[in-house]
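See structure below.
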Amino acid sequence: MKIAVAGKGGVGKTTVSAWLARELVARGKRVIAIDADPVPSLASALGFADADKIVPIGKMDELISERTGAPVGSMGAMFRLNPTVEDLPDALSQEDQGVRLLVMGTIEQAGTGCVCPQSVFLKALVRHLVLQHDDAIVLDMEAGVEHLGRATAMGVDAMFVVVEPGRRSVGAAKKISKLAKELGVKKVLAVANKLRNDQDRQAVAEALAPEVTLATAVMYDSGLVDSDLAGEAPAAHGAPRPAAIAELAAALVDSLET
Ligand SMILES: Nc1ncnc2c1ncn2[C@@H]1O[C@H](COP(=O)(O)OP(=O)(O)O)[C@@H](O)[C@H]1O
Ligand SMILES: [Mg+2]
């Protein structure tokens, strides 16, 4: 089961990814959560100890040059486009109560679209996890989906685009959804988040229609703000999770057995 989570910044991608990862583990899945946002925060949402001390894989220069055969930062140099990565999910992941985590760091170098050892390496790792690895994957993405290569996109079973009540978030969701489908993502659905009431849910559903359908809806929870301010992780092991996310995970397990 390969799940990607996308959406405009701040809508709740990381929170939803972390909840989903916990729910899938609670349902007996082996799960690898991947933080693919250049500004990582999944470890902290999951309540990993020393989350801020985790070194993103994209910063592991020695490993990257060893695997690609090129010093990091060497533009135009010859390097392997198919580095060996099969051992890395085990070697580099951290685990907390069944959720394994990989923090990627920046995949694309500041919009240059450059073919550098670092981005080739990270993309190869994500591709491996999505296309070959047996564990369930939850991929917490940065706002855009452009850097998902076609092959990787085609391996994603479902992409959830998180939307909050608001025009810009809905507009971004439609764009992301269109792009993801063009790339070959099999199923793109929206997860409405931070809803104040049922009217919000309806308004979001109507604004997304007909292009994007709601998979589920999560209410705004002021308790999350309190716990955030108190330094508590929204998706720490044992923290309460929205019923909507539990139901979504159950439906995923039913429909995507593997
Ligand atoms: N349902 C919700 N109710 C209240 N606050 C929420 C909810 N979902 C997310 N948040 C808060 O919104 C902020 C952004 O969430 P985050 O998951 O980091 O978004 P993203 O990864 O899309 O940038 C965080 O402070 C988070 O605690
Ligand atoms: Mg995030």
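Please read all numbers here as calculations on a predicted model, not as lab measurements.
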Group every Ile, Leu, Val, Met, Phe, Trp and Tyr by side-chain heavy-atom contacts under 4.5 Å, then state whether [X] and [Y] land in the same group.
X: L179; Y: M159; result: yes
X: V170; Y: V218; result: no
X: I64; Y: V55; result: yes
X: Y220; Y: L229; result: yes
X: V191; Y: M219; result: no

Validation row: [X], [Y] side chains within 4.5 angstrom (heavy atoms):
X: D90; Y: R100; value: yes
X: K29; Y: V253; value: yes
X: L88; Y: H128; value: no
X: V145; Y: V185; value: no
X: V162; Y: T15; value: no
X: V138; Y: W19; value: no
X: M104; Y: L129; value: yes

For [X], does the [atom1] atom sit with more than 12 other heavy atoms under 6.0 Å from it, leaving out its own atoms?
X: Q199; atom1: CD; answer: no
X: K181; atom1: NZ; answer: yes
X: K175; atom1: NZ; answer: no

Side-chain donor or acceptor of [X] paired with backbone N/O of [Y] under 3.5 Å:
X: N193; Y: V11; answer: yes
X: R67; Y: T84; answer: yes
X: S177; Y: V188; answer: no
X: T152; Y: L148; answer: no
X: R150; Y: E182; answer: yes

Stepwise side-chain contact (heavy atoms from CB on, under 4.5 Å) test for T216 and F160: CA-CA 10 Å; T216 194; F160 294 115; over 6 Å; no
Give the minimum heavy-atom separation between [X] and [Y], together with the two atoms involved.
X: F79; Y: C116; answer: CZ-C, 3.8 Å
X: L195; Y: P165; answer: CD2-CG, 3.8 Å
X: A236; Y: R22; answer: C-NE, 3.7 Å
X: P89; Y: S93; answer: O-OG, 2.6 Å
X: E142; Y: K13; answer: C-CE, 4.3 Å
X: S65; Y: A70; answer: CB-O, 2.9 Å

CA sep, side-chain torsions, deciding dist, call: L42, V103, side-chain contact (heavy atoms from CB on, under 4.5 Å): CA-CA 8 Å; L42 190 53; V103 179; over 6 Å; no
Please round to the nearest 0.5 Å and tell me the distance separating atom [atom1] of [X] and atom [atom2] of [Y].
X: L224; Y: E232; atom1: CG; atom2: CD; answer: 10.5 Å
X: D52; Y: D50; atom1: CG; atom2: CG; answer: 6.5 Å
X: R127; Y: M154; atom1: CZ; atom2: CE; answer: 13.5 Å
X: L20; Y: L248; atom1: CG; atom2: CG; answer: 5.5 Å
X: I32; Y: L24; atom1: CD1; atom2: CG; answer: 12.5 Å
X: R201; Y: L214; atom1: CZ; atom2: CG; answer: 7.0 Å

Lys/Arg-Asp/Glu bridge criterion (N-O < 4.0 Å) met for [X], [Y]:
X: R27; Y: D254; answer: no
X: K2; Y: D157; answer: no
X: K194; Y: D200; answer: no

Check against side-chain contact (heavy atoms from CB on, under 4.5 Å), D96 and H237: CA-CA 8 Å; D96 179 90; H237 175 72; 4.1 Å; yes
Sole candidate of D35, D140, D37 that passes side chain to side chain donor-acceptor pair (under 3.5 Å) when paired with T14: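 Of all the options given, the one that passes is D140.
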CA sep, side-chain torsions, deciding dist, call: I54, L101, side-chain contact (heavy atoms from CB on, under 4.5 Å): CA-CA 10 Å; I54 297 175; L101 172 72; 4.1 Å; yes
